[in-house]
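Order of the sequence lines sets the chain letters (A, B, ...), proteins ahead of strands, with each chain counted from 1.
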There are 2 protein chains.
Amino acid sequence: MPWEKSFEESDVIEQAMEVFWEKGYAATSISDITDATGIKRGSLYNAFDGKHDLFVRALLKYGGDRRTSKLRMLETVDDPREAITMFFDSLVKATLDDPDKKGCLLFNTALEYSSHDDDVKKLVSDGIKEVVTFLEGQINRGKELGNIPDSVDTRPTAKALVALVVGIRVLGRGAFGKTALRQVAQQAIDLIS
Amino acid sequence: MPWEKSFEESDVIEQAMEVFWEKGYAATSISDITDATGIKRGSLYNAFDGKHDLFVRALLKYGGDRRTSKLRMLETVDDPREAITMFFDSLVKATLDDPDKKGCLLFNTALEYSSHDDDVKKLVSDGIKEVVTFLEGQINRGKELGNIPDSVDTRPTAKALVALVVGIRVLGRGAFGKTALRQVAQQAIDLIS
DNA sequence: CGTTGTCTGTACCGATCAGTCAACACTCGA
DNA sequence: TCGAGTGTTGACTGATCGGTACAGACAACG
């Protein structure tokens with residue numbers, strides 16, 4: 001058996017993800033990634049199919065590590081209204097805590113790139129659907145438990161909440177400060193009150 | 001006096017704006033612009049300072065032609081609640097009518113580029129503030145006239161509405177269809193009801 | 001008609017891009 | 001010990017990037 005790789009693919013994907021996240025797909029060069037990872041050009045092309053392949057894998061990793069696991073965790077919260085509140089709180093917190101103001105890789109991609117590539121478009125679309133489904137589930141659960149009023153229309157409300165999520169993530173990159181973001185999050189909670 | 005320009009600067013800016021709008025700043029090359037306008041490279045650099053200068057001018061033109069004039073028009077509507085409704089309706093309509101799904105240049109820029117350049121950052125920030133101010137004004141006017149309830153908290157609500165605007169524009173690029181966008185717009189109106 | 005000053009068109013610049021390739025390093029089974 | 005097979009490396013490719021230089025086209029003056 002031959003020589004083994006000197007790096008973990010998932011580590012490289014993680015670091016590549018950070019670069020794509022910060023700079024965007026178009027503005028990220030392979031050299032940026034080799035600089036960030038320390039992996040040489042040839043090794044990178046030996047392990048991956050190229051820039052696009054790396055980006056897709058980064059998106060998948062982002063989805064699994066950051067989004068899906070977070071939503072699964074929140075689904076274990078007893079009070080669904082509290083779960084949604086926690087969701088928005090963590091969103092605002094993540095936005096405020098990031099000194100680079102990178103926003104959310106999913107939405108950054110939705111704007112920069114989704115109109116150009118079908119693979120990526122689908123990943124973005126699925127990621128957003130996942131959030132909508134989570135919110136719909138929580139709203140329905142809340143209505144069953146009686147701490148979200150029946151007057152709340154589940155599907156339109158879930159979609160509006162996602163739109164607010166997008167707004168928070170985009171405006172959090174610079175246009176809105178702490179107070180404004182918290183106000184928006186509060187308005188989101190008001191939508192299910 | 002010497003030879004005059006064979007093109008209108010504002011025409012070139014308009015066409016360059018379309019290219020930037022569709023492809024994003026980083027992904028747009030000078031060749032893309034010369035192709036789209038028919039202007040040769042040298043003439044373009046003779047008339048403008050370069051790619052960045054062209055982009056800033058395109059952003060300014062977008063702001064003036066599309067945003068500011070629209071908001072001024074809506075401010076002449078008697079019923080401020082109706083003005084906000086029309087604002088969201090036209091937003092959804094513009095999003096649905098665009099076959100290229102370009103979204104909004106302002107928000108596209110907010111995500112792709114605002115973290116890299118201070119001039120552009122300010123333009124984006126000011127553009128968003130303009131919309132917030134418009135919405136605050138209409139909400140206050142509606143409260144005075146009595147067709148928006150006093151229980152609506154002007155500033156947080158205006159900010160949430162802008163967040164929904166962003167959401168509609170971003171999600172309208174692919175993730176959300178006609179029904180979903182209209183539902184989100186309706187939820188926006190519900191926020192001031 | 002010639003001078004003057006601006007605009008046009010294109011060749012060209014160095015830098016950088018994504019991606020390739022062949023020489024070399026290394027491990028392991030035979 | 002050596003060949004097979006994989007990983008690493010850095011030089012290299014052709015294309016394209018943003019931007020420049022300059023020769024020629026043109027119009028308004030004298």
Side-chain angles (χ1 to χ4, degrees), chain A residues 1-59 108-109 112-120, chain B residues 1-59 108-109 112-120:
Chain A
M1 280 301 164
W3 199 0
E4 285 179 11
K5 281 196 182 67
S6 68
F7 57 87
E8 279 290 328
E9 285 197 2
S10 72
D11 289 347
V12 173
I13 293 173
E14 179 77 26
Q15 288 166 295
M17 183 184 79
E18 293 282 342
V19 181
F20 283 130
W21 195 353
E22 192 181 327
K23 308 188 66 169
Y25 179 81
T28 298
S29 71
I30 296 294
S31 299
D32 290 331
I33 293 170
T34 57
D35 287 351
T37 57
I39 306 298
K40 300 296 187 210
R41 216 176 178 74
S43 300
L44 196 133
Y45 274 94
N46 181 49
F48 304 97
D49 271 352
K51 188 181 173 182
H52 180 264
D53 176 50
L54 252 173
F55 184 64
V56 169
R57 293 198 199 205
L59 262 187
N108 294 2
T109 306
E112 184 207 23
Y113 193 60
S114 71
S115 53
H116 305 310
D117 184 283
D118 284 345
D119 294 348
V120 174
Chain B
M1 280 300 162
W3 201 0
E4 285 181 11
K5 279 196 184 67
S6 67
F7 57 89
E8 279 290 328
E9 284 198 4
S10 71
D11 290 345
V12 173
I13 293 172
E14 179 77 26
Q15 289 166 294
M17 184 184 78
E18 293 281 341
V19 181
F20 283 129
W21 195 353
E22 193 181 328
K23 307 188 67 168
Y25 179 81
T28 298
S29 71
I30 297 293
S31 299
D32 290 330
I33 293 169
T34 56
D35 287 351
T37 57
I39 306 299
K40 299 296 186 209
R41 216 178 178 73
S43 301
L44 196 134
Y45 274 95
N46 181 49
F48 304 98
D49 271 352
K51 188 181 173 182
H52 181 263
D53 175 51
L54 252 174
F55 184 63
V56 170
R57 294 199 198 205
L59 262 186
N108 294 1
T109 305
E112 185 209 21
Y113 194 59
S114 71
S115 52
H116 305 311
D117 184 283
D118 283 346
D119 294 347
V120 174

Atom pair CD/OG1 of E18(B) and T28(B) - distance to nearest 0.5 Å: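 Answer for the CD-OG1 pair, E18(B) versus T28(B), is 11.5 Å.
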
Take the protein atom [atom1] of [X] and the nucleotide atom [atom2] of [N], then report the distance between them rounded to whole Å.
X	N	atom1	atom2	answer
D35(B)	dG18(D)	CG	P	12 Å
I30(A)	dG19(C)	CD1	P	6 Å
D32(A)	dT16(C)	CG	P	11 Å
K23(B)	dG18(D)	NZ	C1'	15 Å

Check: dG19(D) base within 3.5 Å donor-acceptor of R41(B) side chain: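 A donor-acceptor contact between them is present.
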
Evaluation steps, side-chain contact (heavy atoms from CB on, under 4.5 Å), between K40(B) and T34(B): CA-CA 6 Å; K40(B) 299 296 186 209; T34(B) 56; over 6 Å; no

Side chain to side chain donor-acceptor pair (under 3.5 Å) partners of residues 7-17 of chain B, not counting sequence neighbours, each pair once: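 Output for this query lists E9(B)-R57(B), E14(B)-K61(B), E14(B)-R66(B).
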
Side chains of [X] and [Y]: closer than 4.5 Å at any heavy-atom pair?
X	Y	answer
F48(B)	V12(B)	yes
F55(B)	T109(B)	yes
V120(B)	Y25(B)	no

CA sep, side-chain torsions, deciding dist, call: S31(B), R41(B), side-chain contact (heavy atoms from CB on, under 4.5 Å): CA-CA 8 Å; S31(B) 299; R41(B) 216 178 178 73; 3.6 Å; yes

Of I39(B) and G42(A), the one whose closest DNA chain C nucleotide lies more 5':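 First, find each residue's nearest nucleotide; the 5'-ward one identifies I39(B).
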
For W21(A) against N108(A), the heavy-atom pair lying closest together: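 Looking at all heavy atoms of both residues, the closest pair is O-ND2, 3.6 Å.
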
Nucleic acid contacts of residues 7-20 of chain B, taken as heavy-atom distances under 4.0 Å to DNA chain D: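 Within this stretch, nothing sits under 4.0 Å of the strand.
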
Contact list for DNA chain D against residues 43-51 of chain A - heavy-atom distance below 4.0 Å: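 Heavy-atom cutoff 4.0 Å gives S43(A), N46(A).
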
Any [X] side-chain N or O less than 4.0 Å from OP1/OP2 of [N]:
X	N	value
S31(B)	dT16(D)	no
K40(A)	dG10(D)	yes
S29(A)	dC17(C)	yes

side-chain contact (heavy atoms from CB on, under 4.5 Å) assessment of L44(B) paired with L54(B): CA-CA 9 Å; L44(B) 196 134; L54(B) 252 174; 3.7 Å; yes

Sugar-phosphate, base or nothing in reach of T28(B), heavy atoms under 4.0 Å: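 Sugar-phosphate contact only - T28(B) comes under 4.0 Å of backbone atoms but never of a base.
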
